[in-house]
Amino acid sequence: MTIVTRFAPSPTGYLHIGGARTALFNWLYAKHTGGQFHLRIEDTDRERSTPEAVAAILEGMKWLGLHWDGEPLLQFSRAARHAEVALGLLAAGKAYHCYASQEELAEMRDAAKKAGMPIRYDGRWRDRPASDAPAGVKPVVRFKAPQTGETVIDDKVQGSVRVGNEQLDDMVLLRADGTPTYMLAVVVDDHDMGVTHIIRGDDHLNNAFRQLNLIRALGWPEPIYAHIPLIHGPDGAKLSKRHGALGVEAYRDMGYLPEALRNYLLRLGWGHGDAEIISDAQAVEWFTLEAIGRSASRFDFAKLANLNGHYMRQADSAYLAKASEPFLEKQLGRPLAPAERDLFVALMPGLKERAKTLVELADGAHSTFARLSPDEKAVQLLDADAKAMLGALLPRLRALAAWDAAAIEASVRAFSEEKGLKLGKVAQPLRAAVTGRAVSPPIFDIVALLGREESFARIAANSGLKA
RNA sequence: GACCCCAUCGUCUAGCGGUUAGGACACGACCCUUUCAAGGUUGAGACACGGGUUCGAUUCCCGUUGGGGUCGCCA
């Protein structure tokens with residue numbers, strides 16, 4: 001049997017980080033088993049669903065590298081089929097019309113709350129004849145749920161979970177306007193799509209009991225459930241925007257690599273021995289539902305950053321330059337010239353060791369691509385002694401036959417040895433004069449890549465020294 | 001409030017009756033070093049509590065406490 005998983009977000013906002021992990025797990029499980037992974041957009045809430053959100057979700061999935069099989073299914077397009085199933089249930093006596101008003105329902109909830117009883121619909125229309133129907137009121141269709149016994153779910157993550165059926169009420173299948181509710185739509189769509197494994201957040205665990213009863217009433221095969229724990233903020237409370245409940249595009253804009261985010265998300269709630277850096281291929285090979293933890297985990301930006309730094313260090317220079325180009329251009333306030341793109345790539349080995357995000361990468365490159373006037377620390381470095389020292393060094397650099405990092409470094413080293421200075425005493429003022437900063441990628445590389453004229457021009461501008 | 005779920009270093013986790021309770025991030029120290037990083041070595045740091053079961057509990061059971069989730073004509 002082919003295993004079919006799905007990710008089914010509702011398009012009321014961006015693809016947030018919790019959803020991204022759910023999608024990742026579904027994707028991995030499908031890959032692991034050689035099955036299929038589908039995407040379904042749950043847009044039955046016409047008030048809150050927007051085309052922008054649909055686009056953001058598709059975009060986020062693509063950026064994260066989670067490719068789905070087939071076309072994304074828009075749930076609302078199947079409203080007629082959902083209604084057909086509900087009406088079938090009605091005809092079979094497994095569902096009924098309910099004419100209770102919103103006011104009645106609210107009273108029911110208040111009364112139950114006061115009495116310390118479970119808050120649920122009391123089934124007042126369950127057995128009333130159609131002749132009792134009040135005139136002019138459009139009814140909803142409710143499911144006739146079992147009222148005794150218990151429903152047990154053998155969840156792949158949570159284990160065996162049971163709940164007394166008296167806790168479950170008769171949920172609405174079709175609204176008064178005839179449109180399907182989520183409860184009906186998921187069940188019908190998962191069935192029609194051939195979904196075999198439902199992997200989703202455990203905020204749906206309680207829904208699963210109701211859905212399972214509906215599936216049984218329909219006589220359809222039961223899916224395998226895996227309810228994964230939610231992701232919390234650093235303080236253990238619900239993930240808020242301030243904490244990281246952002247859309248994946250926000251992570252992209254903060255300069256994280258999709259492969260790093262995948263690795264981070266994978267390790268949040270799932271582990272494989274001591275493995276930390278896990279490639280996609282290994283993840284696919286190792287991923288099982290049984291290895292998913294049962295407790296909620298907290299989002300940790302520091303660990304994400306560390307992972308991102310790792311992936312950046314081992315990434316290809318051209319790839320990184322391309323990925324961080326927009327960040328650099330934003331900082332410079334201008335597009336990069338073709339020659340500068342090459343320079344960016346050439347600078348990359350020294351840059352990527354020093355950054356945890358693409359933004360930091362661009363930060364590191366800023367002082368190479370723009371002529372910055374010396375900041376406070378650079379000014380301190382360029383004191384009178386340092387200028388005198390540089391004044392003696394410049395002619396030797398000017399006289400260099402070959403202008404490359406090795407030759408420049410050799411020359412500066414020889415110079416500092418002669419003068420009895422530590423290399424730092426010479427290299428730091430040079431860095432300050434060339435970049436206007438006390439911190440930069442390796443200075444000899446920068447001087448070499450910038451070229452003789454640009455280097456001397458900058459030194460002249462920042463220290464007044466001419467070579 | 002009712003129902004459901006969870007509980008190992010600050011964080012992510014390994015552990016599936018007998019371990020000096022392991023790894024990673026973060027943190028401290030040292031080394032390396034042209035700055036900053038990276039890297040190396042190293043240090044500190046956890047089984048929530050109380051009962052059982054057992055020769056023996058971090059591990060199994062019950063309770064307490066603490067956290068989380070769900071109770072819509074939202075999904």
Side-chain angles (χ1 to χ4, degrees), chain A residues 8-12 42-45 47-49 75 98 100 102 105-106 109 112-121 138-142 155 157-159 161-164 166-169 171-177 179-183 185-186 201-207 209 227 229-230 232 234 236-238 264 267-277 293-307 309-310 313 350-356 360 364 377 381 409 412-413 416 422-428 430-432 435 437-444:
Chain A
S10 58
T12 53
E42 309 223 315
D43 57 349
T44 51
D45 184 343
E47 300 286 304
R48 298 196 294 168
S49 299
Q75 189 161 57
C98 167
Q102 295 292 350
L105 261 17
R109 281 191 282 271
K113 201 166 188 174
K114 266 184 196 160
M117 298 292 288
I119 298 167
R120 51 188 285 276
Y121 172 71
K138 288 225 164 139
V140 298
V141 174
R142 282 186 187 270
D155 193 278
V157 173
Q158 307 289 344
V161 189
R162 57 190 62 223
V163 75
E166 71 280 359
Q167 300 293 333
L168 278 20
D169 62 2
M171 76 254 195
V172 172
L173 262 22
L174 243 34
R175 300 185 183 107
D177 66 1
T179 59
T181 61
Y182 158 80
M183 287 289 180
V186 254
D202 72 9
D203 49 337
H204 285 288
L205 184 56
N206 290 286
N207 290 332
F209 295 101
H227 287 92
L230 268 18
H232 291 163
K238 197 172 179 175
Y264 177 71
R267 286 285 292 103
L268 211 51
W270 180 90
H272 186 82
D274 286 342
E276 293 289 347
I277 305 294
R294 295 121 311 224
S295 56
S297 42
R298 303 181 187 203
F299 196 87
D300 182 8
F301 270 104
K303 186 148 185 174
L304 205 211
N306 174 275
L307 231 25
H310 171 87
R313 265 172 263 130
L351 242 24
K352 67 187 183 186
E353 289 289 326
R354 298 167 167 73
K356 284 184 159 54
E360 288 180 16
K377 284 180 179 168
L381 246 17
E409 178 170 353
V412 173
R413 278 187 189 278
S416 49
K422 292 186 74 174
L423 188 54
K425 284 289 180 194
V426 182
Q428 277 300 84
L430 179 61
R431 184 193 316 281
T435 67
R437 294 290 178 271
V439 175
S440 82
I443 188 59
F444 305 126

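Below, chain A is the first sequence line, B the second, and so on; all start at residue 1.
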Fill in the blank from the handout: Rounded to whole Å, the CD-P distance (A/Glu353 to B/rU33) equals 16 Å
Problem - Value in whole Å for how far the P atom of B/rU13 lies from CD1 of A/Ile277 - result: 16 Å
Practice task
Identify whether any heavy atom of A/Arg120 sits under 4.0 Å from a base atom; if not, whether one sits that close to sugar-phosphate; answer base, sugar-phosphate or nothing.
Solution key: nothing
Practice task
Can you tell me the distance, in whole Å, between the CG atom of A/Asn306 and the C1' atom of B/rG39?
Solution key: 13 Å
Handout entry: Under-4.0 Å side-chain N/O to phosphate OP1/OP2 contact, A/Arg142 with B/rC73
Key = yes
Handout entry: Sugar-phosphate only, base, or nothing, as touched by A/Ala106 at under 4.0 Å among non-hydrogen atoms
Key = nothing
Problem - Closest to side chain of A/Asp274, choosing from B/rG22, B/rA75, B/rU70 - result: B/rG22
Exercise for the section: For residues A/Leu205 and A/Asp155, determine if any side-chain heavy atom of one lies less than 4.5 Å from a side-chain heavy atom of the other. Expected result: yes
Practice task
Send over the distance from A/Leu173 CG to B/rG72 C1', rounded to a whole Å.
Solution key: 14 Å
Practice task
Between A/Ala355 and A/Lys425, just flag the one whose closest nucleotide in RNA chain B comes earlier from the 5' side.
Solution key: A/Lys425
Handout entry: Phosphate-side-chain proximity, A/Lys356 and B/rA38, N/O vs OP1/OP2 below 4.0 Å
Key = yes
Practice task
Describe the nucleic acid contact of A/Ala302 in one word from base, sugar-phosphate, nothing, applying a heavy-atom distance below 4.0 Å.
Solution key: sugar-phosphate
Handout entry: A/Asp177 and A/Lys138, any side-chain heavy atoms less than 4.5 Å apart
Key = no
Handout entry: Base-contact (B) and sugar-phosphate-only (S) positions in nucleotides 1-12 of chain B, heavy-atom cut-off under 4.0 Å, - elsewhere
Key = BSSSSSS---SB
Exercise for the section: Give none if B/rC25 has no partner; otherwise give the nucleotide forming a Watson-Crick or G-U wobble pair with it, both distances under 3.5 Å. Expected result: B/rG10
Exercise for the section: If B/rU64 has a Watson-Crick or G-U wobble mate with both distances under 3.5 Å, name it; if not, just say none. Expected result: B/rA48
Practice task
Please state how far atom CZ in A/Phe444 lies from atom P in B/rC36, giving the value in whole angstrom units.
Solution key: 15 Å
Handout entry: A/Thr12 vs B/rA75: side-chain N/O to OP1/OP2 distance below 4.0 Å
Key = no
Handout entry: Spacing of the P atoms in B/rA7 and B/rC61 (rounded, Å)
Key = 11 Å
Practice task
Assess whether one donor atom and one acceptor atom, taken from the side chain of A/Arg354 and the base of B/rC36, lie less than 3.5 Å apart.
Solution key: yes
Practice task
Test A/Phe299 against A/Tyr264 for ring pair (Phe, Tyr, Trp, His ring centres under 6.0 Å), laying out the working first.
Solution key: CA-CA 10 Å; A/Phe299 196 87; A/Tyr264 177 71; 5.2 Å; yes
Problem - Check: B/rA75 base within 3.5 Å donor-acceptor of A/Asn207 side chain - result: yes
Handout entry: A/Thr435 and A/Ile443, any side-chain heavy atoms less than 4.5 Å apart
Key = yes
Handout entry: Salt bridge present between A/Glu276 and A/Arg267 (N-O < 4.0 angstrom)
Key = yes
Practice task
Take atom CG of A/Asp169 and atom P of B/rU70, then tell me their distance rounded to the nearest Å.
Solution key: 16 Å
Practice task
Would you mind reporting whether A/Val172 and A/Met183 have side-chain heavy atoms less than 4.5 Å apart?
Solution key: no
Practice task
Describe the nucleic acid contact of A/His232 in one word from base, sugar-phosphate, nothing, applying a heavy-atom distance below 4.0 Å.
Solution key: sugar-phosphate
Practice task
Calculate the interatomic distance between A/His310 atom NE2 and B/rG39 atom C1'; express it in whole Å.
Solution key: 13 Å
Exercise for the section: Scan A/Gln102 against the nucleic acid and name what it touches under 4.0 Å (heavy atoms): base, sugar-phosphate only, or nothing. Expected result: base
Problem - Touch class at under 4.0 angstrom, heavy-atom based, for A/Val140 against every strand present - result: base
Fill in the blank from the handout: Scanning all shown strands, the Watson-Crick or wobble mate of B/rC3 with both distances under 3.5 Å is B/rG69
Practice task
Check whether any side-chain N or O of A/Arg48 sits under 4.0 Å from OP1 or OP2 of B/rA75, and answer yes or no.
Solution key: no
Practice task
Measure from CG on A/Leu230 to C1' on B/rG68 and round the result to the nearest Å.
Solution key: 8 Å
Exercise for the section: Could you check whether A/Pro9 gets within reach of a base, just the sugar-phosphate, or nothing at all, counting any heavy atom under 4.0 Å? Expected result: nothing
Handout entry: Atom C1', compared across B/rC73 and B/rC12: separation rounded to whole Å
Key = 41 Å
Exercise for the section: Please tell me which of A/Arg313 and A/Arg413 maps to the more 5' nucleotide of RNA chain B, matching each residue to the nucleotide holding its nearest heavy atom. Expected result: A/Arg413
